[in-house]
Amino acid sequence: MKILVIGGGGREHALVWKLRESPRVDKIWCVPGNGGISDEAECIATDPGDVAQLVDLADKLKPDLTVIGPELPLVNGVGDAFTERNWPIIAPSRQAAQLEGSKIFAKQFLQRHNIATAKMYGAYESAQHALAALDNVDWPVVVKADGLCAGKGVFLAPNHAAARDFIERAMLRSEFGPGGQRILLEETLHGDELSFIILTDGQGYAPLVPTRDHKRAFDGNQGPNTGGMGAYSSDELLSSATLDAILRDVVEPTIQGLAADGIRYQGFLYFGLMLGPAGPKVLEFNCRLGDPEAQAIVARMDFDLAEVLSDATTSRLDPSKLKWKPGASVCVVLASGGYPGKFETEKTISGLTDVARHTGVKALHAGTKRVGNSIVTNGGRVLGVTAAGPSLDTALSAVYGAIAEIHFDGMHYRNDIAARANRVNAAGD
Ligand code: AMP
């Protein structure tokens with residue numbers, strides 16, 4: 001098989017890493033890739049959000065399978081464009097990708113199919129109407145920009161003044177771009193968040209191992225939100241009763257709802273869930289793997305990913321093929337100084353050859369590039385150091401042991417990835 005992977009972050013490095021293990025894969029291209037991916041795949045400098053360019057590339061390369069990492073090409077319709085030309089692709093249709101591309105579309109879908117989610121106060125197309133609606137909400141209220149806003153479109157507003165400010169920035173000053181022109185207001189949910197991702201071939205589905213990510217920049221869930229500072233997966237993360245409830249009350253009605261609405265979905269579907277006293281509720285959908293969740297998930301895969309993805313593109317997904325390493329996995333992100341605010345790039349990264357000697361640990365590259373014989377920083381999230389192990393403790397000590405070898409100016413990371421889960425498990429709770 002010849003495989004085209006779209007994207008250039010840690011998630012895509014994880015995909016390339018796993019796809020390369022398959023005996024049926026003899027070529028991988030990655031658009032645009034990064035400094036680490038370039039050791040394992042042929043990187044091509046094309047804009048990953050530009051569907052026309054991706055189609056031209058596929059016409060030239062004739063890949064047997066294309067796997068999409070980020071949301072932009074999906075929302076821009078790469079799934080339809082490739083399917084029309086018979087290029088096998090793991091991607092929902094453009095309409096299905098609206099589950100991520102429009103929070104109002106997603107909320108209406110959830111309501112139509114009676115899937116538990118936060119109560120919506122309303123959806124608004126003018127700041128005047130949104131501001132007026134603030135008189136009738138409970139606080140804190142969640143304000144969401146409808147469209148893609150590079151992770152900046154959701155705000156938990158503690159009071160009227162803060163909500164007003166966010167609405168004005170989104171709708172009057174267009175600070176988040178076109179995605180901020182419509183907003184919705186919804187109730188605040190409480191509980192534990194969980195990332196639950198499935199692979200569907202449009203008919204059946206297979207759940208991936210559940211994960212939890214860490215969005216805040218600093219230890220103890222302090223500091224600003226980021227793209228994700230780490231993730232873990234473990235056998236203890238979900239009780240079987242909670243897993244059953246997620247499958248029965250969320251996943252299956254979603255698959256049935258997509259079919260009932262005539263929406264074609266072949267690919268990864270990510271449920272951002274809040275697990276609270278009333279059971280799982282959907283916070284959001286993503287139409288792709290999460291980053292860094294993908295890194296923690298891939299580390300536990302004990303199956304041929306190329307085969308399973310290829311099956312999914314022909315509606316022959318066999319869930320029994322998805323075998324998982326028992327135990328746990330961890331991904332800890334090493335970020336540039338200043339991230340998620342302003343940061344510098346081009347800092348030389350040392351220690352990567354030492355990490356390569358740590359058995360079972362993989363330094364997945366995100367914001368890196370190769371300059372001569374060196375790897376330098378090229379983004380906010382730089383590396384995702386990842387390992388699986390028979391327990392969370394073994395995976396954590398492998399990852400943090402390897403991180404001690406790595407250095408670049410300004411490097412920062414969280415020391416408490418999975419720490420809460422570990423305490424709960426240690427207490428036998
Ligand atoms: P979303 O992109 O909709 O998942 O929102 C991003 C983050 O905002 C989520 O991961 C949650 O931490 C938070 N969030 C979104 N909706 C709610 C809600 N209704 N109640 C509490 N937190 C929320």
Side-chain angles (χ1 to χ4, degrees), residues 70-72 74-75 97-111 115-124 130 133-134 137-159 162-163 166-167 170 176-177 179-180 182-197 210-218 220-232 237 246 250 254 268-294 296 333 340 414 417 420:
E71 62 277 17
L72 193 57
L74 297 169
V75 171
Q98 286 300 298
L99 287 177
E100 175 163 5
S102 165
K103 295 202 186 281
I104 296 171
F105 177 93
K107 187 61 90 180
Q108 288 166 346
F109 176 89
L110 290 162
Q111 290 174 338
I115 302 166
T117 183
K119 183 179 78 187
M120 180 169 73
Y121 295 110
Y124 309 96
L134 293 177
V137 301
D138 294 327
W139 300 93
V141 72
V142 180
V143 190
K144 292 187 173 180
D146 181 50
L148 296 182
C149 294
K152 297 195 176 75
V154 176
F155 181 56
L156 203 99
N159 54 46
F166 184 85
I167 290 168
F176 312 129
R182 298 202 298 167
I183 64 136
L184 68 84
L185 298 176
E186 70 177 35
E187 73 171 319
T188 300
L189 298 178
H190 302 279
D192 289 323
E193 283 190 48
L194 182 83
S195 304
F196 196 85
I197 307 176
T211 49
R212 183 160 280 150
D213 75 345
H214 298 64
K215 285 269 179 232
R216 300 296 196 100
F218 307 125
N221 287 330
Q222 301 298 308
N225 261 329
T226 68
M229 295 297 288
Y232 71 95
L237 189 49
I246 293 171
V250 175
T254 299
F268 296 106
L269 177 56
Y270 171 126
F271 301 82
L273 301 177
M274 188 69 92
L275 306 179
K281 293 191 178 184
V282 177
L283 291 174
E284 64 164 338
F285 290 112
N286 291 331
C287 51
R288 53 178 168 90
L289 290 166
D291 184 336
E293 289 95 329
V333 169
R414 281 184 59 164
I417 300 303
R420 180 168 156 266

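Just so you know, ligand 1 is whichever comes first in the structure, and atom 1 is the first atom listed for that ligand.
- Checking only distances, Met274 never comes within under 3.5 Å of ligand 1, N or O to N or O.
- When the heavy-atom distances from atom 9 (C) of ligand 1 to Glu193, Arg216, Lys281 are ranked, the shortest goes to Glu193.
- In plain terms, the two heavy atoms of Thr117 and Glu187 that are nearest each other are O-OE2, 4.3 Å.
- If you check which protein heavy atom lies closest to atom 17 (C) of ligand 1, you get Leu283 CD2, 3.4 Å.
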Show your reasoning for whether side-chain contact (heavy atoms from CB on, under 4.5 Å) applies to Leu273 and Val250.
-> CA-CA 9 Å; Leu273 301 177; Val250 175; 4.1 Å; yes
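- Listed by number with element, the atoms of ligand 1 under 4.0 Å from a non-hydrogen atom of Ala118 are 19 (N).
- In this structure, Phe176 has its ring center under 6.0 Å from that of Phe166.
- Among Lys119, Glu100, Lys144, Lys107, the residue whose heavy atom lies nearest to atom 3 (O) of ligand 1 is Lys144.
- Less than 4.0 angstrom separates some heavy atom of Val142 from each of these atoms of ligand 1: 16 (N), 17 (C), 18 (C), 19 (N), 20 (N).
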Would you sort out whether Asp213 and Lys215 count as a side-chain contact (heavy atoms from CB on, under 4.5 Å), showing the intermediate values?
-> CA-CA 6 Å; Asp213 75 345; Lys215 285 269 179 232; 3.3 Å; yes
Would you check, one step at a time, whether the test salt bridge (charged side-chain N to carboxylate O under 4.0 Å, His left out) holds for Glu186 with Lys119?
-> CA-CA 6 Å; Glu186 70 177 35; Lys119 183 179 78 187; over 6 Å; no
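- Ligand 1 lies within reach of Glu187, whose nearest heavy atom is under 4.0 Å from it.
- Between Thr188 and ligand 1, not a single N/O pair is under 3.5 Å apart.
- To the nearest 0.5 angstrom, His190 atom NE2 is 8.0 Å from Met274 atom CE.
- Scanning the protein for heavy atoms near atom 22 (N) of ligand 1, the closest one is Leu156 CD1, 3.8 Å.
- In this structure, the protein non-hydrogen atom closest to atom 20 (N) of ligand 1 is Leu189 N, 2.8 Å.
- Phe285 and Phe109 have perpendicular rings, their planes meeting at more than 60° on a 0 to 90° scale where under 30° would count as parallel.
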Would you please test Val154 and Val143 for side-chain contact (heavy atoms from CB on, under 4.5 Å) and show each step?
-> CA-CA 6 Å; Val154 176; Val143 190; over 6 Å; no
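- Looking from atom 4 (O) of ligand 1 to the surrounding protein, the closest heavy atom is Glu284 CD, 2.7 Å.
- For ligand 1, the atoms sitting less than 4.0 Å from at least one non-hydrogen atom of Glu186 are 16 (N), 17 (C), 18 (C), 19 (N), numbered in the order shown with element in parentheses.
- Residue Val154 holds the heavy atom nearest to atom 7 (C) of ligand 1 of all those in Thr117, Val154, Asn286.
- Closest heavy-atom contact between Ile183 and Ala130: CD1-CB, 3.7 Å.
- Using a non-hydrogen distance threshold of 4.0 Å, Lys103 registers as a contact of ligand 1.
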